[in-house]
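The structure appears below as structure tokens.
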Amino acid sequence: MEHLLQELNEPQREAVAHTDGPLLILAGPGSGKTRVVTRRAAHLAATVTRAYKILAITFTNKAATEMRERIDSLGVAPGMTVCTFHALCAKLLRIHHDRVGVPANFTIFDRDDRRKIIKQAIADSDLSTTNWQPSAIESAIGDAKNHMVSAAEFAEQASDWRERTIARVYTQYEAILTKMGGLDFDDLLMRMAVVLSRDSQLCMDLEDRFSYVLIDEYQDTNDAQYLIAKQLTQQRKNLCATGDPDQSIYGWRGANIENILAFEKDYPNAKVVRLEQNYRSTKRVLSAASALIAGNSQRKEKSLWTENADGARIRVVEYENGDEEAALVVRDLAQRIREGQDASSVAVFYRVNSLSRSLEEAFLREGLPYQIARGVEFYNRKEIRDVLAYMRVVVNPADDVALLRIINTPTRGIGNTTVNRLKDFAKGTQQSILEVVNTRSAEDLGRSAKKLKTFAELMQRLAPLFELPPAKALDTILRESGLRAMYAQNIDLDDAPAGNLDELLSAASVYQEDFPEATLIDWLEHTALVSDVDAVEDGRAAVTLMTLHAAKGLEFDVVYVIGWEEGLLPFRRRDQIESSDVEEERRLAFVGMTRARKRLTLSYVRYRMMRGITERSVRSPFLDELPYNEVEWPTKAPTRANKRQIPSGELPHDIEEWHMGSLVRHPIHGLGQVMEITKGARRTHVDVQFKNGSRRSWVLEFADLERVDFDEVGDAR
DNA sequence: AATATTCCCGTTTTT
DNA sequence: CGGGAATATT
């Protein structure tokens, strides 16, 4: 087992060699975390325990797969459990369904399903979706579940009318879920956390089953996940948490950075290992990123260092507008690629997806291959969801969401009127829609009674499929339902649905081979929880475009991060006075920067068009936090000859902080002072007295003015 | 029931 | 400006 401890630096070795008791691995970017985690798991399996006693939990399937593969390659006996939090909970809830109080065949509802049910719940509560936005209610409920607040508790705590109303919808939402035998993603975690806190015997049994627990990306855990981890390791405290508070970027999704920050308080005798040596980036990249993140107060300090080369200075570039930015960034990276840089090791990151459009156009114009990393897709395609809906009803006939999807797909003459009638019959009863169809008389069902009968017979025929292996069941469904025929008809060259169905079929076959014992329920669960089928293809010779969030965990030789502007990089919603969480935004910028191995370019524009409106923008204050000498600052605006740049500034550049007395600069009139500023409902006017004697006024948005810091006027930098 | 039109809304999104 | 969804049209 000595080889597991080879080729490690000192803290890495310490972490790998640690066996019993709590361990916190604070892993800076590029510090070899995965290597340490996998080695440690292998080491445990070889020394103090057996592989099947180890549980490794990740957040994404991708991470789980990678970890599993790397552990396998270390020559560990098979049997280790490596899975996502959600998959773990789904499995455990399924096994212990009677103790939890959920049906054994519960369906996992995804975001789409959830939205539909929420709309239903809003309607059931006699509210209009105009006044009560489904998305707002959805996030309120999701929030509650992240904090393990049940509908009843929510209602109890509700202090105003709005909250009481949301409580009503939440209650109704839960009622619908229960009736349908469904759990949403948040439920998987919440139910598990709740059952563990009530059932100490179960905790002990599970701790017996999994003696060593390892959690990756611990900074991203929410309250439920935190509790699950805690309860799974109650007796022996064999919890190893790895992560980096500086890379916590999912606070808005319920992740609680305190979980990792307070780890030592939760586990007082915890061993803490800091992985600070970086093997990825140049010294310049690292010091710039470090300087930026030092601006945060909520952190566990690390001093990142590297033996890598100094590297090129970080470039900060100013462009006139988004189109120019896109065009010139693409031209710049095209040049790099021409010089021999591999396109697949080049990436462009942005804060919001909308910035990808102009980039895409630029890539197309330049004729350069690119790929946009957007997850989901495959299992979200209509044809895939159609088939899966059939399977869902087969497995769980109470699943009305799925049933309503397929009742007229392919079209079989069952229209809205009929469907509404069915819904009415089912409402307020414990009957599912399918039961209504099966039990109501022909008179009740109305004109479409015959067609409903035919449909009911179809479902009757499909019902026994639930005990068949997935591929076989899938094939039968495709044939019997008429879906295959339906999709065989339209052969769009673009994306052939029929081909996707075949792909799904082969995925089922592969699954079946991998897990010969698996049932349709397992396969369905798999499809609900594993959706990264066609995420980013690596190895393709294309430049990668993605959001900063999506970039976490990846690395590229050459990185561009665009849109370093006030309101966009520390993102601020227009209607929000407070910028949401500047520290999290700074971490996001940090994550983006630390993806770069060799070259890093940050850009901002003077005018940014968003939602069809062009607005004057102010460069991100984050740029001012970068170390002055490590950065190649913009010298002059490329298309504005006589515009002087401010290389660094301490004062905020926020347009909303313009007030009387502000010093400004105009390309023609030169230096001036704001004499008057009037905020109208739509436009803000400025009146400026210039040093050269002229006095002018503009609408601020269109004024070619730039704010100047007081101490820069004398400073001829 | 399929298609055209208008309307609305706008950050990130591991499962 | 542009996508998705609700609504109107044939």
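Chain letters run A, B, ... following the sequence lines, proteins first, then strands; residues in each count from 1. Treat the numbers as computed from the prediction; the structure is a model and nothing was measured.
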Applying salt bridge (charged side-chain N to carboxylate O under 4.0 Å, His left out), can you list everything that pairs with Glu583(A), at least two apart in sequence or on another chain? none

Grab the CG-C1' distance between Leu569(A) and dT12(B) for me, whole Å please. 12 Å

Quick check: on DNA chain B, is the nucleotide nearest Asn408(A) upstream (toward 5') of the one nearest Gln133(A), or the reverse? Name the residue that is more 5'. Asn408(A)

Return no unless some side-chain N or O of Thr547(A) is found under 4.0 Å from OP1 or OP2 of dT13(B). yes

Of all the heavy-atom pairs spanning Asp246(A) and Phe590(A), show the shortest one and how long it is. O-CD2, 3.6 Å

Between dT13(B) atom P and Arg115(A) atom CZ, what is the distance in whole Å? 14 Å

For a quick test of your reading: what N or O donor-acceptor pairs under 3.5 Å do the side chains of residues 182-196 of chain A make, sequence neighbours left out?
unit_1, atom_1, unit_2, atom_2, d
Asp184(A), OD1, Asp186(A), N, 3.1
Asp184(A), OD1, Asp187(A), N, 2.7
Asp184(A), OD2, Arg114(A), NH2, 3.2
Asp184(A), OD2, Lys145(A), NZ, 2.8
Asp184(A), OD2, Tyr173(A), OH, 2.7
Asp186(A), OD2, Arg114(A), NH2, 2.7
Asp187(A), OD1, Lys145(A), NZ, 2.8
Asp187(A), OD2, Lys145(A), NZ, 3.1
Asp187(A), OD2, Asp184(A), N, 3.0

Nearest of dT14(B), dT15(B), dA1(B) to any side-chain atom of Leu529(A)? dT15(B)

Asn416(A) atom CG is separated from dA2(B) atom P, nearest whole Å, by 12 Å

Only counting residues at least two apart or in another chain, list the ones meeting salt bridge (charged side-chain N to carboxylate O under 4.0 Å, His left out) with Glu217(A). Lys33(A), Lys552(A)

Answer with base, sugar-phosphate or nothing: what part of the nucleic acid does Tyr250(A) contact at a heavy-atom distance below 4.0 Å? base

With a centroid cutoff of 5.5 Å and a plane-angle limit of 30°, would you call Trp252(A) stacked on dT12(B)? yes

Consider the side chain of Arg611(A), meaning its heavy atoms from C-beta on, and name the nucleotide among dT13(B), dT15(B), dT11(B) that approaches it most closely. dT11(B)

Does Asp386(A) have any salt bridge (charged side-chain N to carboxylate O under 4.0 Å, His left out) partners at least two apart in sequence or in another chain, and if so, which? Lys382(A), Arg405(A)

Could you tell me whether the phosphate oxygens of dT11(B), OP1 or OP2, come under 4.0 Å of any side-chain nitrogen or oxygen in Asn353(A)? no

Over all strands shown, is Asp186(A) touching base, sugar-phosphate only, or nothing at heavy-atom distances under 4.0 angstrom? nothing

Which residue lies more 5' along DNA chain B, comparing Ser135(A) with Phe185(A) via nearest heavy atoms: Ser135(A)

Gap between atoms CG and P, on Leu355(A) and dT11(B) respectively (whole Å): 13 Å

On the side chain of Arg351(A), is there an atom forming a donor-acceptor pair with the base of dT12(B) - under 3.5 Å, no angle test? yes

Heavy atoms of chain A, cut-off under 4.0 Å: which first and last nucleotide of DNA chain C, 5' to 3', fall inside that, if you could look? dC1(C) to dA6(C)

Short N-O contact, Glu585(A) and Arg572(A), less than 4.0 angstrom: no

Suppose you measure atom C1' in dT11(B) against the same atom in dA6(C); what distance do you get, rounded to whole Å? 24 Å

Answer with base, sugar-phosphate or nothing: what part of the nucleic acid does Asp110(A) contact at a heavy-atom distance below 4.0 Å? nothing

Taking salt bridge (charged side-chain N to carboxylate O under 4.0 Å, His left out) as the test, write out the residues that go with Arg608(A), two or more places apart. Glu325(A), Glu565(A)

Distance check needed: dT13(B) C1' versus Tyr350(A) OH, whole Å only. 14 Å

Atom CE of Met609(A) and atom P of dG10(B): how far apart are they, to the nearest Å? 19 Å

Quickly work out the Lys552(A) NZ to dT13(B) P distance and round it to whole Å. 12 Å

Roughly, in whole Å, what's the span from CG in Leu188(A) to C1' in dT14(B)? 14 Å

So, does Asn61(A) get its side chain near the phosphate of dT15(B), meaning an N or O under 4.0 Å from OP1 or OP2? yes

Any Leu403(A) side-chain heavy atom under 4.5 Å of Phe455(A) side chain: yes

